[in-house]
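Structure record follows, encoded as structure tokens.
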Protein chains: 2
Amino acid sequence: MNIYDIAELAGVSIATVSRVVNDSPLVSDKTKARVRKVMEENNYVPNVFARGLGLGTMKTIGIVCPDVSDAYMAKAVAYLEKNFREYGYDSILQCSGREYEDMRAAVANILNKKIDALFLIGSCYCVDGGDTAAADYVREAAKQVPVFVINGSISGDNIYCALCDDRETTAQAVRELIREGRRNILFLHHSDTFSARQKRSGYLSALAEAGIPENDNLLFHAREDIESVKQDLLAQCPPEVDGIFATNDRLAVGALKFARETGIRVPEELSIIGYDDSELAICCQPELTSIDSMGETLCRTSIDSMLRLLRGRKASPITYTKGTLRRRGTTRF
Amino acid sequence: MNIYDIAELAGVSIATVSRVVNDSPLVSDKTKARVRKVMEENNYVPNVFARGLGLGTMKTIGIVCPDVSDAYMAKAVAYLEKNFREYGYDSILQCSGREYEDMRAAVANILNKKIDALFLIGSCYCVDGGDTAAADYVREAAKQVPVFVINGSISGDNIYCALCDDRETTAQAVRELIREGRRNILFLHHSDTFSARQKRSGYLSALAEAGIPENDNLLFHAREDIESVKQDLLAQCPPEVDGIFATNDRLAVGALKFARETGIRVPEELSIIGYDDSELAICCQPELTSIDSMGETLCRTSIDSMLRLLRGRKASPITYTKGTLRRRGTTRF
DNA sequence: AAACTCTGTGTAAGTGCTTACATTTCACAA
DNA sequence: TTGTGAAATGTAAGCACTTACACAGAGTTT
């Protein structure tokens, strides 16, 4: 069942059918109704490929993230997919991992799909604050389609970033720990992404403000999964630590387990703050104080930017959102 | 830069270029090398639409699940996406929610994308054990492309299901609770999907085996999120309960929080078992005993079935996998 | 009544690829 | 030298749509 069949059944030319499909104002309402009826009766659906060939687009967005099985990204993907569907866009998903070559290949591949926009989730795509050659493949992509980076920042034409002001948000959280009387605050991180560096910078500046000297022993790198984090801390956590700022909730949970194992009381002797405010946070006992990095807000911002672009208007190349501290049981404030 | 340009630059016809792209044996190695060089020099990429038009396929699979932000589905999606990518397939994702009309629309929409196979994740697509009209839209879809149901069962031509034997797996877990001496075991569930019913059936049969009379008060329906589950239990949990079997980890965590709030000791006075063995399980204190429903194994099975079909071989219409109990701190065995 | 709009519809030329079929080329046997 | 068949390449007809341009017919204007 193709456009010719419909044209014949409706007694019009294929051009008219095409116009009806595209709801062109050039067709009279009477004809439109007739053609629509025939289309429905035969449940005709235009061939996407032919349509794509003619139009050069298929109303599809590409989403690339390092790993959808991560709760933060899964949420973002779900949000993007759901919202774009409402505007009639389909979503192609690609998980890229975090290796440079893989990310590059993922972006290159998804571009071939003639997507209308590319969404990158995560700060791993902007290896160095967005200004070294490392992110060049993203800038290259932006020559073809608008690129929206969620939770990362890359400078460049046709690139629109929405991110949580991790630096300031972290600084605020660390300031609260200091106000609690904590002096030996561990910065617990895993990867060395742009956002991790922003957080570290916020952490350091909060310490500096308070006149607390920097201490390299308090910049702690741990492995990724909860159990390993606990082990790493058991093996090497400096004894004087009385506060832990973790760059994600998983790390924070590992820290909590470490505390339990060593008998350190939380939050009496040790405060812990996580990041992302995932479901993990409320599973813990005590429940984890965590920073909501506003994933949905960032997605919403990106979507709005894209819609604005679609209407031929300008969008702001970078939008910062402040995170919000969700105070729970692992801190005293 | 299209096939004509390449043909001209390489001094061959477009047919030859096309053959080179498709690595046809009809082209001499010499010509192949020459054409390939030109393609690379101009980084030519065939147009997917034109290719799709000619071939009728674009090497794409469709994935439909109720909600990717659910950890279980996110994992499955990630696994499918990653593995199919290795075979050169792209993935289109669509979250359908759990409303009949939405699921139906989601499947219909994704079919228009000329996918090569459809993957449905979750038992919500098989409303009644797979044999009522409710799943007819899936059977309709199966007329167009092979359908693979992960963690659900639908009978029908060209439909291939991989699922955890929830009934027996649940029965085993409940038997262990009984062996622990529990007699008043709550069956804590949220939705009424096929898999939830299977679990209930396993629960009931384990009770029956042990000669424990059925008690409707012990079939407990709770809302979805952790906090609500706790509230629901606080409001209405029968006091005699000494064991809880929850149909997912989120419910189990809610149960654990309920126990803590009421001062019931776990596992001394109350045992709790969750389902899915998600990351939530190890965040808890005590850590949650949970059933690993083998999501990756199911995905692997589906992928293998699809590859077998691709090679023109037969695949088994239904594959059962037994879940595994991960014993942790919320039970005594 | 002729000239002129305007609206609605049709014609036909793309869009970039695949592939059945036709044709050329070439090695080798007769 | 010619003939033969296989291997390599080209030609052209799809594939299902969009859209610039052409044109017909109904009103309007003069």
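Order of the sequence lines sets the chain letters (A, B, ...), proteins ahead of strands, with each chain counted from 1.
- Under 4.0 angstrom from either OP1 or OP2 of C:dT11 there lies no side-chain N or O belonging to A:Ser13.
- Along DNA chain D, the nucleotide nearest to A:Val45 and the one nearest to B:Lys32 differ in position, and the one closer to the 5' end is contacted by B:Lys32.
- Contact between the side-chain N/O atoms of B:Ser18 and the OP1/OP2 oxygens of C:dG16 is not found at any separation under 4.0 Å.
- Paired with B:Cys164 under the rule side-chain contact (heavy atoms from CB on, under 4.5 Å), one option of B:Ser123, B:Ser293, B:Ser195 passes, and it is B:Ser293.
- A close approach under 4.0 Å does not occur between any side-chain nitrogen or oxygen of A:Arg19 and OP1 or OP2 of D:dT19.
- Taking the nucleotide of DNA chain C with the nearest heavy atom to each of B:Leu53 and B:Leu26, the more 5' of the two is matched to B:Leu53.
- Within the structure, a side-chain polar atom (N or O) of A:Tyr44 is placed less than 4.0 Å from OP1 or OP2 of D:dC17.
- Ring pair B:Phe84/B:Tyr89 is perpendicular by interplanar angle, where above 60° counts as perpendicular and below 30° as parallel.
- Phosphate contact (OP1/OP2 of D:dT9, side-chain N/O of B:Ser28, threshold under 4.0 Å): present.
- For B:Asn47 and C:dT15, the shortest distance from a side-chain N or O to OP1 or OP2 is not below 4.0 Å.
- Here A:Phe49 lies out of heavy-atom contact (under 4.0 Å) with every strand.
- With distances taken from any side-chain atom of B:Asn2 to the nucleotides D:dT11, C:dC17, C:dG8, the minimum falls on C:dC17.
- Taking atom CE of residue B:Met58 and atom P of nucleotide D:dA16, one finds them 16 Å apart after rounding to whole Å.
- When the C1' atom of C:dG14 is taken as reference, atom CD1 of B:Ile3 falls 16 Å away, rounded to whole Å.
- Side-chain proximity of B:Thr16 to the nucleotides D:dG10, D:dT19, C:dT18 is greatest for D:dG10.
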